[in-house]
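Just passing along the structure, written as structure tokens.
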Amino acid sequence: MITCTSPIDGSVYATRETLSMPDAKAAVASAKSAQAAWAALPLADRIARVMDGVAKVGEINDEIVPEIAHQMGRPIRYGGEFGGFNERASYMADIAQDALADIEIEDSAAFRRVIKRVPHGVVLVIAPWNYPYMTAINTVAPALIAGNAVMLKHASQTPLVGERMAQAFHAAGVPADVFQNVFLDHQTTSDLIAAKSFGFVNFTGSVGGGKSIEQAAAGTFTGIGLELGGKDPGYVCDDADIDAAVDTLIDGAMFNAGQCCCGIERIYVAEQHFDTFVKKAVAIVNGYKLGNPLDPETTLGPMAQARFADEVRAQTAEAVAAGATAHVDPADFPQDGGAYLMPQILTGVTHDMRVMREESFGPVVGIMPVKDDAEAIKLMNDSDFGLTASVWTRDTARAEAIADQIETGTVFQNRADYLDPGLCWTGCKDTGRGGGLSVIGYHNLTRPKSYHLKKA
């Protein structure tokens, strides 16, 4: 049984029965059986059906927005995820023809030599709760377009998301066996992977979850894509636009109650701008309204679970006990308690503190002064994670030179907390392996197959 406990009030919002192992195996078998006919459809037909499914999700967005608030706590004032959902799927549809095109080496009187990209078969997508629609579509859309069947296992915190997507895609003509929403417990999922049920597995979630997926797949040679934890840094150079930097970086740290894969979790500021930056950051945070996400006035909702909030509270308390300064007054956020967590800005932090080293995934950020680029680069790289980094400077050559030295998957100049579908979404170190979206995303969701044909 999967239970979604709403962070709004701790009530049970939804329950779903998980599949037994025999039923799960039957679902895999039906996906495998249906995949060949799906892959045989013209690419343009698959694209059209997928994009019609995307549009049908948009048609029910007014119903989806409050459901997201109930399931994981994001305020309704932000209108859901359809903008990014549609942007990502549309880009992958637009590039599909070229990304999946045959690579013709020779077609002469003597030989035809060509490399084709063929689907893996059945792709398992394990999606997270923090951006439940956008993270899922990153893989679902290109996997289906490339000719795979897809089984979507969504997070237990957001069980209605997969149902909504399946409803929309089936109505658009994607066969029910080709795109399945499934409820699976952890053991059944691991057992299916270990039994070579899938041609590819894409997982977005915790480092511990990623390790479990790797262990389950060990020796099966199943392709795996993993996007795991992050501790993304921002660096404000001495020539930065301070107002723009503080607005974007603090939003990147606090939006979605800090529960963003590429959210900003630590900030390094050129020492001459440090005091100004902190003052402006505190003013922004003091303007937030923490409360019920169903209230249109709320700008900061609860975290998805009380235990997540308690972990951030513990990191913050440990930092303060070790000498850090907390700049936001708890008296200004009386709603703090349980899953409702007040935002916090810390200075006087060091990398000896968990809040600057371990993933927080909540509305807290530590800010440190730095004397130059070299010190900032050293601190940015002093992390077990590497998803994104944000560099603030008016000099693009300088930004790229700094970027070349940062151990991360994506580097931004003068922006943060964004996913560009034209670029590979990838990470390094404990953030994971593989890459989604862009042309490379298609390469990971297919395999190359070579044809060496000698003509008689």
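Given the structure is predicted, the values throughout are model-derived calculations rather than measurements. Side chains are part of it too, since the values below use all heavy atoms of this structure and drop only hydrogens, waters and symmetry mates.
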Checklist entry - Backbone N or O of L192 within a donor-acceptor pair of the S197 side chain at under 3.5 Å? => result yes
Checklist entry - Salt-bridged, R49 to D52, with N to O below 4.0 Å? => result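 Salt bridge flag = no for D52 with R49.
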Item to check | E311 side chain to R307 backbone, donor-acceptor under 3.5 Å | outcome: no
Checklist entry - Do N130 side-chain atoms and Q259 backbone N/O form a donor-acceptor pair below 3.5 Å? => result yes
Item to check | Atom pair OH/CD1 of Y235 and I406 - distance to nearest 0.5 Å | outcome: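 Going from OH on Y235 over to CD1 on I406, the span is 9.5 Å.
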Next on the checklist: Assess the residue pair R88 and E81 against the criterion (salt bridge (charged side-chain N to carboxylate O under 4.0 Å, His left out)); give the C-alpha distance rounded to whole Å, side-chain angles, the decisive distance to 0.1 Å, and a yes or no.
Outcome noted: CA-CA 11 Å; R88 297 173 189 187; E81 302 176 23; over 6 Å; no
Item to check | CG (D23) with more than 12 external heavy atoms under 6.0 Å | outcome: yes
Next on the checklist: Which residues pass the ring-ring contact (aromatic ring centres under 6.0 Å, His included) test with F412, not counting sequence neighbours?
Outcome noted: none
Checklist entry - CG/N292 to CD/E297 distance, rounded to the nearest 0.5 angstrom? => result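 It is 12.5 Å, given to the nearest 0.5 Å.
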Checklist entry - Within the distance-only criterion (no hydrogens, no angle test), does the side chain of K231 pair as donor or acceptor with the backbone N or O of V355 below 3.5 angstrom? => result yes
Item to check | side chain to side chain contact (heavy atoms under 4.5 Å, CB included) between V312 and F308, intermediate numbers included | outcome: CA-CA 7 Å; V312 181; F308 300 157; 5.9 Å; no
Checklist entry - Does any N or O in the side chain of S212 come within less than 3.5 Å of the main-chain N or O of G208, such that one atom is a donor and the other an acceptor? => result yes
Checklist entry - Between the side chains of S360 and Q315, does any donor sit under 3.5 Å from an acceptor? => result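 S360 vs Q315: donor-acceptor pair found between side chains.
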Checklist entry - Run the side chain to side chain contact (heavy atoms under 4.5 Å, CB included) check on Y288 and M342 step by step: do they pass? => result CA-CA 9 Å; Y288 292 156; M342 64 171 284; over 6 Å; no
Next on the checklist: If I take atom CG from residue L152 and atom CZ from residue F183, how far apart are they, to the nearest 0.5 angstrom?
Outcome noted: 9.0 Å
Item to check | salt bridge (charged side-chain N to carboxylate O under 4.0 Å, His left out) between K25 and D191, intermediate numbers included | outcome: CA-CA 10 Å; K25 287 182 177 179; D191 290 345; over 6 Å; no
Next on the checklist: Whether the side chain of N414 engages the backbone of T393 through a donor-acceptor N/O pair (distance < 3.5 Å, no angle test) should be reported.
Outcome noted: yes
Item to check | Side-chain donor/acceptor of Q157 to backbone N/O of T5, under 3.5 Å | outcome: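 Checking the backbone N and O of T5 against the side chain of Q157, a donor-acceptor pair under 3.5 Å is found.
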Checklist entry - Checking R74 against F255: charged group under 6.0 Å from the ring centre and within 45 degrees of the axis? => result no
Item to check | Side chain to side chain, D372 and D238, heavy atoms closer than 4.5 Å | outcome: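 Sidechains of D238 and D372: no contact.
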Next on the checklist: Less than 3.5 Å apart, any donor N or O on the side chain of T135 or E227 sitting next to an acceptor on the other?
Outcome noted: no
